[in-house]
Amino acid sequence: MDILDSLNPPQKEAVQTTEGPVLILAGAGSGKTRVITVRIAYLISEKQVEPYNILAVTFTNKAAGEMRDRVRKLLEGQQLRSAPLISTFHSLCVRILRQDIEHLEEGYTKSFTIYDTDDSLKVIKACVKDIGMDEKSLGARQVLNAISGSKNKGEDVEMFASRVEYTDEKRAAMARVFKMYEERLNRANALDFDDLMIKTVRLLRSTPEIRDKYNNRFKYVMIDEYQDTNALQFALINYLTEKQQNICVVGDDAQSIYGFRQADIRNILEFEMHFPNAKVILLEQNYRSTQTILDVAHAIIENNVKQKKKKLWTANDGGDKIFYFQAYNGDEEARFVAARIEEHRRRNSGDKLAILYRTNAQSRVFEEALRRQRIDYNIVGGFSFYERAEVKDIIAYLKLALNPFDDIALLRVINTPARGLGKTTLDEVQATAKEARVSLWETIAKFTSIEIGVAPGIAPRAREALHKFKSVVEGLQEKTGAAAGSDKPVSEVVIAAIEDTGYANALRAENTDEALGRLENLEELVNAAAEYDKDEGNLRDFIDHAALSSDTDKYDRSAQVTMMTVHSAKGLEFPVVFLVGLEDGIFPHSRSINDPNELEEERRLAYVAITRAEKMLYVTHSMRRRVYGDEMAAEPSQFLNEMPLELIEDLSRGSSWLSFARGGVRQTNKYAASALRGETAREKPKNLYTGKTYNSTDAIAEFFKNKAGGAPERLKPAEPGPPRGFNKLKAQASPKSSTPASEGITPGAHVRHPKYGKGLVLRREGTGDNVKLTVSFPGFGQKKLIEKFANLEKA
DNA sequence: AAGTAAATTTTTTTT
DNA sequence: AAATTTACTT
């Protein structure tokens, strides 16, 4: 088989070891996707395995799509009776559950609805309200994180409750919400993302026949990015491969970056314990990057204690040094990147470039800069097509038609477009439904069946509106009923949901640019649906797709510039990579900085980012960064300091952090100079910028001190805004503000609060008795205080 | 009931 | 700074 010729010996071995458990430890850029895809092709062409019996599982739709493409290419020209199943964990579960969930006997039917994070949050909010907790002390997001975390560890409600019950009030409340949440979803015949995994595992565990069925179907199972699997996924894999034990997993412990989703690195580290006769194959030759890039990546990951020591090698050239740029602020950073991209394009038209950042929110500045330069770009993640309000509305109509118990979908569309069903009516319907413990849909049916005037609490006009809404959905149900049996084209049903509901007409009536844009999006939705008209796909598949594709997947490989988070970039490679925003608190993220384990994950994330680069790597950071609208001083990331400085070429103008770190201290760099206090560069260069010795509170103070010192930088209009710098004088001159306590309590000042202790003033707003202060108290976070009542003294 | 103004919150990372 | 939620007006 000629495709084998292109593989190196360990790769070839990985492909040819088809029977029994196999663990492939594949470093970054060592060709693991290649190995999996060739292995699939090999099983089919050489081992005469029925494609239908092959399952490959990935984490993202993007990875699954990529793999499908490559397998298709490898098998081009061959006549196959079936296709291998290449799918994400979640869509695999949906596939299984759509067939067999009724065997679970938990009350779910095949027409279950999938709740996305948004839907889940709405349910949780309602639950929190129901137990009479304040939304502020029990944030929905936080509760969902706790619930999801628990679920992914394989716990159920009882285990969660027993784990947390008596620890504290909040956790106990969470356990109650968890329970209610489960009940609500069950009543709505709805599953959240985690449930898809949970129910599948439970189904396989409880029913040997079903387990047997899938074991017989999936004779060869391959798992990509195995280091990212969690306890649930491990259980699923175990059940699926129980019989044949033909399981092949591919992963790299250095690239484990999904700890927040309860990924358990032990799954890969202890693979040989779980499968005692496992064969282990190491892929250590990197084909992607230059030696320099690998050296930098390696230098960083070496700082992790919990890491298997291993070193990738490459036959590639040493390559360029990596490029470094220190910007004054985020804007300058983006302009630098844009200018460099422009230069690359002029010189070497074919090269693909990527801008990688830690969080989605960072994309905006770069988008603007590229647009100004008229550089086309492609952005992955952030807002997906299926997340647009109008698209979600139409999908909600369809979901409701398919599963009328879906209260969340119902609430979303009951008054969209406006039908005169406002808060009063909805409150009444919801209260009645809650009382009777039935769905909103059933409650509406009850209200509308009672004669006019008799229905208590519902005005005749509202009754009429409810009735109308009910008929609209029923009309849709008729059409979807046919479509679910896959007779009627999916696009036709989608059109019905857009037209018959009055949605399109409402938009047309609006006749604004925005409304027209929405209509265009809906047209696009119809186009997407039309894809499902052709072959076996039905409406259900289409809706499932919309729910599961948060669309990191549809990135355009042909685009020359791609922007995305480091997480999204996993598995991809680019000749030129810009790793931006390398600042303390951003990368590593501030929420990971205090936990050694999380910090190690951030480091692995940095490793992933760096190893995306083939030929050139740029690392940039900015001395000032906008956070929640305010520009603050920012410090270089500790990861910069972990790079071998001699492999870095400084492109900053003037002196930079890098020139300081190398020992060439210049007094002109005030940040470098102030960071030097107490330590000398030569003795302990590694510890200078850990982000702890010179922490961000001090940095903020430093920043404001410089500003108050009279540097006339970028004055904001001197309107009623916060009195800073020169404006401070004006505020103090105003007659009312001269209470003794307020003397000198301006941004940058240290104060003492009777309850919170010492804090740093970040912001001052208003005048006279209405002076509001934003103060950061270590251990308590930022507080907004009215100066008059706060009882602050200078510290 | 619906639209607008004001206040409040938001930032990890993904299915 | 932007988006979402709440409060207020018509």
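What you see is a predicted model, and the numbers here were worked out from it, not measured in a lab. Per chain, numbering begins at 1; letters A, B, ... match sequence-line order.
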Rounded interatomic separation in angstrom, taking CD from A/E368 and C1' from C/dA1: 10 Å
Gap in Å between the two C1' atoms, one belonging to C/dT5 and one to B/dT12, rounded: 22 Å
Distance, rounded to the nearest Å, where A/M197 contributes CE and B/dT14 contributes C1': 14 Å
Touch class at under 4.0 angstrom, heavy-atom based, for A/N415 against every strand present: sugar-phosphate
Residue mapping more 5' on DNA chain B - nearest nucleotide basis, A/H567 or A/A418: A/A418
Interatomic distance where CZ belongs to A/R591 and C1' belongs to B/dT10 [whole Å]: 10 Å
A/T425 side chain, from C-beta outward: closest of B/dT14, B/dA1, B/dT12: B/dA1
Nucleotide B/dT12, atom P - distance to CG of A/D584 in whole Å: 16 Å
Sugar-phosphate only, base, or nothing, as touched by A/K570 at under 4.0 Å among non-hydrogen atoms: nothing
Main-chain N/O of A/Y328 paired with A/E332 side-chain donor or acceptor, under 3.5 Å: yes
Gap between atoms CD and P, on A/Q227 and B/dT13 respectively (whole Å): 20 Å
A/E631 CD - C/dA1 C1' separation (whole Å): 12 Å
